[in-house]
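Values below: all heavy atoms of this structure, side chains included; hydrogens, waters and symmetry mates excluded. In the text below, chain A, chain B and the rest are named by the order of the sequence lines, each starting its count at 1.
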Amino acid sequence: MHPLYLYNTLSRRKEEFSPLVPGKVGMYTCGPTVYQYATIGNMRSYVFADVLRRVLEYNGLSVKMVMNITDVGHLVSDADEGEDKMLVAVGREKKTPWEIARYYTGAFMKDAALLNIKRPSVVSPATEHIEEMLEMVVELVEKGYAYETGDGIYYDISKFPSYGQLSGTRLEEQLAGARVQENPDKKHHADFALWKKAPKEHIMQWESPWGMGYPGWHIECSAMARKYLGDRFDIHTGGVDHIPIHHENEIAQSQSCTGEVPARFWMHGEFLLVDGGKMSKSLGNTYTVDDLVAKGFEPLAFRYFCFSAHYRSHLNFTWPALESAQSGLRSLRTIIQKSSKDPAKAGAQEKAERFRASFLEAVNDDLNMPRAVAVLWDAAKADLGPWLARLADDFDRVLALDLLKGATREDKVLALSELPPEALAILEERRLAREAKDWVKSDRLREELKAMGFAVKDTKGGYEVTRIPRQD
RNA sequence: GGCGCCAUUGCCAAGCGGUAAGGCAAGGGUCUGCAAAACCCUUAUCCCCGGUUCGAGUCCGGGUCUCGCCUCCA
């Protein structure tokens with residue numbers, strides 16, 4: 001057994017992981033906002049969390065994974081100003097917030113499923129936890145960590161000296177109001193809303209001890225993690241962008257209630273870049289899983305692509321890079337499939353065991369997927385015969401690339417019954433031309449089939465027809 | 001302006017002090033009427049300058065470049 005090492009943002013180093021309760025891991029993942037489609041950048045982050053969960057399970061641990069769905073408008077910047085994203089969606093789509101949340105939650109679930117992201121043990125919307133959030137806010141007020149202003153309840157950062165421990169930022173060094181409008185009622189510019197008082201017309205609001213209102217956008221994670229995982233649990237994940245504000249605030253809130261930093265390990269996935277630059281919803285240069293599919297890619301090619309870089313590194317998305325991933329994944333599957341028909345060779349099992357050990361070592365080294373995939377490739381070329389499929393099946397518990405699926409749609413040799421009659425006619429004509437050694441005609445007919453979207457490959461006894469992947 | 005990350009072959013990328021994994025692409029070859037597939041072979045000394053060390057892509061110092069964060073964002 002290789003020990004499992006994970007990088008902890010809190011300590012800025014890799015630490016050996018062992019769960020609080022032997023054999024069981026509690027893990028929280030900051031989930032998606034559901035007022036627009038998730039981008040592939042978002043999805044990279046959930047692939048990362050999924051891999052982490054799978055690696056924990058691969059190590060024999062049982063994992064309770066909790067994910068929130070942010071369905072209540074994040075309004076607000078840290079200064080609690082700005083537009084409400086849900087409100088924007090409501091205006092754009094002429095639907096109720098609830099309809100929008102349901103729609104985009106569904107879209108997210110579908111994308112996750114396409115990427116073989118396992119469903120978390122608990123995945124639940126923030127609005128189902130208003131009560132738990134209010135309880136925490138009340139507790140914070142009672143304990144003196146929060147104060148009321150004209151427009152809400154704010155966390156008082158001056159009561160939490162260790163603020164900034166995760167990001168290494170020092171409050172004094174930050175320029176107050178450098179780029180955001182200062183809220184004059186706040187005692188400190190970094191104080192953040194726990195609860196906001198709602199104007200009458202506000203789209204989503206609930207009763208509270210302070211009248212109608214809605215939650216601040218950090219409290220949902222604190223409340224949900226506490227409810228499902230307890231005051232102290234093993235791992236909390238999210239994107240790197242969460243480090244400086246969201247997770248700092250979460251720690252401040254939770255620790256003020258419970259006396260402890262809620263999670264022992266904080267892990268963060270790096271951003272996906274597009275053409276060397278930032279991808280973000282606000283820049284509008286985003287792609288969705290649907291966009292990839294529309295270009296003829298398999299969603300799992302994107303998952304494989306995610307494994308080409310370590311989760312703590314930037315990964316640069318380009319279409320050629322995705323093609324490279326798709327090719328790689330395809331040939332991997334082909335090799336595995338072929339290999340299973342080969343006779344077993346002496347020593348193959350022992351070799352497979354060694355590959356398994358290397359694979360475990362790679363994934364246990366802070367989820368080093370590029371190395372793990374390299375181990376798979378080494379194994380694929382090691383002449384393992386039927387043992388390769390067994391090994392790949394085992395690796396797939398972590399990789400989840402459907403390695404044993406065999407041919408993809410494009411690779412699959414089509415039965416004659418699957419072909420349109422026109423294509424069959426041309427094929428028959430071509431067969432005759434080849435018998436007559438009329439190569440010019442034969443090649444011309446192949447071109448015709450190509451235009452119809454079919455590729456013909458001549459074999460000993462005849463030919464095979466496959467679909468040509470869509471090109472754009 | 002402040003803070004941080006990166007810099008490895010045509011592209012993506014691993015590497016955590018001992019003489020550069022893996023993938024994609026490309027080239028050569030075998031096979032094929034041709035093509036495709038498959039198989040075999042080939043392709044880097046690690047941004048620059050100093051330093052530490054028997055030995056550095058790998059540590060330290062100084063540059064340069066890139067990207068990111070400091071504002072909603074995975």
Next item on the list: Mind telling me whether Phe317(A) and Phe305(A) have parallel, tilted or perpendicular rings, with 30° and 60° as the class edges?
Entry: perpendicular
Check: Between the side-chain atoms of Asp458(A) and the base atoms of C34(B), is any donor-acceptor pair under 3.5 Å?
Finding: yes
Check: Hey, does the side chain of Lys278(A) come within less than 4.0 Å of C69(B)'s phosphate (OP1/OP2), counting only N and O?
Finding: yes
Notebook entry, point to check: Within the structure shown, what part of the strands sits under 4.0 Å from Pro320(A) by heavy-atom distance: base, sugar-phosphate, or nothing?
Noted result: nothing
Margin query: Taking only the C1' atom of each, what is the distance from U43(B) to A25(B) in whole angstrom?
Written below: 11 Å
Margin query: Taking the P atom in each of G63(B) and G4(B), what is the distance between them to the nearest angstrom?
Written below: 14 Å
Margin query: Just to be sure I understand the rule, does Leu272(A) reach a base, reach only the sugar-phosphate, or reach nothing, if contact means heavy atoms closer than 4.0 Å?
Written below: base
Note to self: Taking the six-membered ring of Tyr7(A) as reference, does the cationic atom of Arg312(A) (NZ for Lys, CZ for Arg) lie under 6.0 Å from its centre and within 45° of its axis?
What the structure shows: yes
Next item on the list: Taking atom P in both G10(B) and G29(B), compute the distance separating them and give it to the nearest angstrom.
Entry: 23 Å
Item checked: Polar side-chain atom of Asn8(A) near backbone of Glu15(A) as donor-acceptor pair, under 3.5 Å -> no
Note to self: When the P atoms of A38(B) and C46(B) are compared, how many Å lie between them, rounded to an integer?
What the structure shows: 34 Å
Check: Considering Watson-Crick and G-U wobble pairs with both distances under 3.5 Å, what does C47(B) pair with?
Finding: G63(B)
Check: Across all strands shown, which nucleotide pairs with U19(B) by Watson-Crick or G-U wobble geometry, both distances under 3.5 Å?
Finding: none
Check: Tyr103(A) ring centre to Lys95(A) NZ or CZ under 6.0 Å, with the angle to the axis within 45°?
Finding: yes
Notebook entry, point to check: With a 3.5 Å cut-off and just heavy-atom distances, do the side chain of Asp443(A) and the base of G33(B) make a donor-acceptor pair?
Noted result: yes
Item checked: Gap in Å between the two C1' atoms, one belonging to U19(B) and one to A74(B), rounded -> 41 Å
Checklist line | Main-chain N/O of Leu401(A) paired to Arg333(A) side chain as donor or acceptor, under 3.5 Å | finding: yes
Margin query: I want to check a possible cation-pi pair here: Lys351(A) against Trp387(A), using under 6.0 Å from ring centre and within 45° of the ring axis as the test.
Written below: no
Margin query: Heavy-atom nearest nucleotide on RNA chain B for Gly238(A) versus Arg434(A): which residue maps closer to 5'?
Written below: Arg434(A)
Next item on the list: Could you tell me the separation between the NE2 atom of His247(A) and the P atom of A74(B), rounded to a whole number of Å?
Entry: 11 Å
Check: Contact class for Lys450(A) (heavy atom, under 4.0 Å): base, sugar-phosphate, or nothing?
Finding: nothing
Next item on the list: Grab the CE-C1' distance between Met369(A) and A14(B) for me, whole Å please.
Entry: 13 Å
Notebook entry, point to check: Would you say Arg397(A) has more than 12 foreign heavy atoms packed within less than 6.0 Å of its CZ?
Noted result: yes
Note to self: Need the pair for C69(B). Rule: Watson-Crick or G-U wobble, both distances under 3.5 Å, any strand; none if unpaired.
What the structure shows: G2(B)
Check: His268(A) near the nucleic acid: base, sugar-phosphate alone, or nothing, with a heavy-atom cut-off under 4.0 Å?
Finding: nothing
Check: Taking the same atom, C1', in G22(B) and in C65(B), what whole-Å distance lies between them?
Finding: 27 Å
Notebook entry, point to check: Does G10(B) have a Watson-Crick or wobble mate here (both distances under 3.5 Å), and if so which one?
Noted result: C24(B)
Margin query: If stacking means aromatic ring centre less than 5.5 angstrom from the base's six-membered ring centre, planes under 30°, is Trp377(A) stacked on G22(B)?
Written below: no
Check: Mapping Pro32(A) and Lys457(A) to their closest nucleotides on RNA chain B, which lands nearer the 5' end?
Finding: Lys457(A)
Check: Think Asn368(A) has a side-chain N or O under 4.0 angstrom from the OP1 or OP2 of G15(B)?
Finding: yes
Notebook entry, point to check: Across all strands shown, which nucleotide pairs with A36(B) by Watson-Crick or G-U wobble geometry, both distances under 3.5 Å?
Noted result: none
Check: Given A35(B), A74(B), A21(B), which nucleotide is nearest the side-chain atoms of Ala374(A)?
Finding: A21(B)
Note to self: Partner lookup for U52(B), please. Criteria are Watson-Crick or G-U wobble with both distances under 3.5 angstrom; report none if nothing qualifies.
What the structure shows: none
Checklist line | Spacing of Gln326(A) atom CD relative to A25(B) atom P, expressed in whole Å | finding: 12 Å
Check: How would you label the contact of Asp378(A) with the nucleic acid (heavy atoms, under 4.0 Å): base, sugar-phosphate, or nothing?
Finding: sugar-phosphate
Check: Ser331(A) side chain N/O closer than 4.0 Å to the phosphate oxygens (OP1, OP2) of C24(B)?
Finding: yes
Checklist line | Atom C1', compared across G28(B) and U45(B): separation rounded to whole Å | finding: 25 Å
